[in-house]
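Let me begin by presenting the structure, written as structure tokens, before commenting on it.
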Amino acid sequence: MNAHVLVTGGAGYIGSHACKALRAAGFVPVTFDNLVTGWKDAVKFGPFEQGDLLEKSRLAEVFAKYSPVAVMHFAALSQVGESMSEPGRYWRNNVLGSLNLIEAAAEAGCLNFVFSSTCATYGEQDNVLLDEDSAQLPINAYGSSKRAIEEILENFGHSAGMQSVIFRYFNVAGADPEGEVGEFHRPETHLVPIILEAIDGKRPELTIFGTDYDTPDGTCIRDYVHVCDLVDAHVLGLRWLLDGRGTRVFNLGTGTGFSVREVMDASGVVTNRPVPWEEGPRRAGDCTRLVSGSTRARVELGWSPGRSTLQEMIADAWRWHQSGHYEG
Ligand code: UFG
């Protein structure tokens, strides 16, 4: 029988792509999701269990029902700007919810844990390429909440033998090239889908959040990675754990940074349409520059992010954008 993997947030953007990759790799992804930001239509690759991480008894039930060999934990609130105005929600949902999940997994004897962390844990370290040993100095509640969960996992490694692969994501973009799943947030806050909505007339324009940063064109620089490459790393991370190779942290970025203006210009070229835009003030919590300086995932996991060119990410996102979205 194929092994089950519990995927929290499996109805969300990255989680749904991970479920597809897990199924292709011979696992049965069990989605656990409260559908607050996820979509039932995105659960296509394995069983669905609706539930909330704040309900520990529900988690225990699901562990007992499926006896998963591992957890992949995507479920989280993940908007940097919102985390600055509503920090309580971020600490409660992300940290308390994850603590419940980690405890429930340990109590069920499920000791392999793949965790979606973020480069937002590094914070503001201008002109530095970030590797896994860089200092962690988050400047927003989102990054702080993810950093706290990394520490909880470390503690449970000591107390319960929990083995974890922690992935610190850079900026995820793109969509499944086969069009089965894609990015759909309500409200949308991420740069690439917002640009596509502006191009398509679904919003008046893109507002560039800050044009006075200390970068060549004055806008923030990020390291963009294709969602399919990102989830491939998760399958490699799962195998790493199942092979008993132990706890490890990996950055998932390509090492190349693009400014907001560069992403906007590339989107105009790929779609062959003008991008309406305006300049706006800085958004609270944004770092100037976040670019990975690590090759650890390539060297140790054998990860090769072959789809992560700006053109391919935008083209796949555009195809998904034009094909419609989830209903529920
Ligand atoms: N941006 C704009 N206008 C917009 C939206 C975004 O100028 O309407 C800019 C932002 O200021 C930022 C860049 O585009 O400079 C990227 O912003 P996103 O909101 O797309 O992504 P973030 O960098 O804020 O955060 C994302 C995820 C986090 C993840 C982080 C890692 O939301 O979960 O990437 O950098 F941790």
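For clarity, every value in this text was computed on a predicted model and none was experimentally measured. Throughout, numbering of the chain's residues begins at 1 and tracks the sequence.
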Flag if over 12 foreign heavy atoms under 6.0 Å of CZ, R282: yes
Exercise: identify the closest heavy-atom pair between P29 and V7: CB-CG2, 4.0 Å
Cluster link V114 to V231, ILVMFWY, side chain under 4.5 Å: yes
Any side-chain donor near an acceptor of the partner, E312 and H226, under 3.5 Å: no
Pair E49, Y66: side-chain N/O donor-acceptor within cut-off below 3.5 Å: yes
Other cluster members, I194 - Ile/Leu/Val/Met/Phe/Trp/Tyr, side-chain contacts below 4.5 Å: L191, V192, I195, L196, I199, L206, I208, Y224, F258, V260, V263, M264, V270, V275, W277, L310, M313, I314, W318
Closest contact, heavy atoms only, A106 versus F156: CB-CD2, 4.3 Å
Same cluster (ILVMFWY, side-chain, under 4.5 Å), L238 and F115: no
Short N-O contact, E151 and R147, less than 4.0 angstrom: yes
Whether W240 side chain and G246 backbone form a donor-acceptor pair below 3.5 Å: yes
From CG (L230) to CG (N171), nearest 0.5 Å: 11.0 Å
Minimum side-chain heavy-atom gap L77-W91 below 4.5 Å: no
Over all atoms of both residues, closest heavy-atom pair of A75 and H73: O-CE1, 3.2 Å
Return all side-chain donor-acceptor pairs below 3.5 angstrom for residues 159-166, not counting sequence neighbours, or 'none' if the list is empty.
| residue | atom | partner | partner atom | Å |
| --- | --- | --- | --- | --- |
| S159 | OG | N155 | O | 3.4 |
| Q163 | OE1 | T247 | N | 3.4 |
| Q163 | NE2 | G161 | O | 3.3 |

Side-chain H-bond candidate by donor/acceptor type, N94 with S145, under 3.5 Å: yes
Beyond-backbone contact of I152 with V95, side-chain heavy atoms, under 4.5 angstrom: yes
4.5 Å side-chain heavy-atom contact, V225 and Y169: no
Non-hydrogen atoms of S83 and A141 that approach each other most closely: O-CB, 3.2 Å
Validation row: C220, R289 side chains within 4.5 angstrom (heavy atoms): no
From Q79 atom CD to S85 atom OG, the distance as rounded to the nearest 0.5 Å: 9.0 Å
Pair R89 + E82: basic N to acidic O under 4.0 Å: yes
Residues E197, R186: salt bridge by 4.0 Å N-O rule: yes
V36 backbone acceptor or donor facing N34 side chain under 3.5 Å: yes
Approximate separation, where rounding is to 0.5 Å, of T256 OG1 and E262 CD: 10.5 Å
Atom pair CG/OG of L236 and S304 - distance to nearest 0.5 Å: 9.0 Å
Atom pair OG1/CG of T118 and L290 - distance to nearest 0.5 Å: 7.5 Å
Criterion side chain to side chain contact (heavy atoms under 4.5 Å, CB included) on D286 and R222, from CA distance to verdict: CA-CA 11 Å; D286 274 346; R222 296 286 183 274; 3.9 Å; yes
Flag for E124-T288: side-chain donor and acceptor within less than 3.5 Å: yes
Pair D243 + R245: basic N to acidic O under 4.0 Å: no
From CA spacing to verdict: salt bridge (charged side-chain N to carboxylate O under 4.0 Å, His left out), K20, E180: CA-CA 9 Å; K20 179 165 177 165; E180 286 192 276; 2.6 Å; yes
Between N251 and Y122: side-chain donor-acceptor atoms closer than 3.5 Å: yes
Donor-acceptor contact below 3.5 Å, side chain W320 vs main chain E183: yes
hydrophobic_cluster_shared for L153 and L111, side chain cutoff 4.5 Å: yes
Same apolar cluster: L53 and Y90, side chain cutoff 4.5 Å: no
Criterion side chain to side chain contact (heavy atoms under 4.5 Å, CB included) on I102 and F113, from CA distance to verdict: CA-CA 8 Å; I102 294 164; F113 202 101; 3.8 Å; yes
Side-chain touch T254/F170, heavy atoms, less than 4.5 angstrom: no
Heavy-atom check, side chain of C19 versus side chain of M72, under 4.5 Å: no
Check: T31/D33 side-chain N/O donor and acceptor closer than 3.5 Å: no
R58 (side chain) donor-acceptor with Q50 (main chain) under 3.5 angstrom: yes
Closest non-hydrogen atom pair, S117 against K146: OG-CB, 3.9 Å
Check: D229 side chain, R307 main-chain N or O, donor-acceptor pair, under 3.5 Å: yes
Within one Ile-Leu-Val-Met-Phe-Trp-Tyr cluster: V249 and F167, side-chain cutoff 4.5 Å: no
Verdict with reasoning, L59 to L101, per side chain to side chain contact (heavy atoms under 4.5 Å, CB included): CA-CA 7 Å; L59 283 165; L101 175 66; 3.8 Å; yes
Spacing of OG belonging to S259 relative to CG belonging to D265, to within rounding of 0.5 Å: 7.5 Å
Closest approach of Q125 to S134 (non-hydrogen atoms, all atoms of both residues): OE1-CB, 4.2 Å
Heavy-atom side-chain contact between F250 and E300 under 4.5 Å: yes
For V28, all residues meeting side chain to side chain contact (heavy atoms under 4.5 Å, CB included), sequence neighbours excluded: N2, H4, P47
Within 6.0 angstrom of N272 CG, more than 12 heavy atoms from elsewhere: no
Ring center gap for Y13 and W39 short of 6.0 angstrom: no
Distance-only polar pair, side chains of D223 and S292, donor-acceptor under 3.5 Å: no
Note, D316 side chain near D176 side chain (heavy atom, < 4.5 Å): no
Full working for side chain to side chain contact (heavy atoms under 4.5 Å, CB included) between R168 and L252: CA-CA 6 Å; R168 295 195 186 127; L252 294 180; over 6 Å; no
Ionic contact status for E107 with K56, cut-off 4.0 Å: yes
Intermediate values then yes/no, ring-ring contact (aromatic ring centres under 6.0 Å, His included), F74 and H234: CA-CA 11 Å; F74 298 95; H234 286 65; 5.2 Å; yes
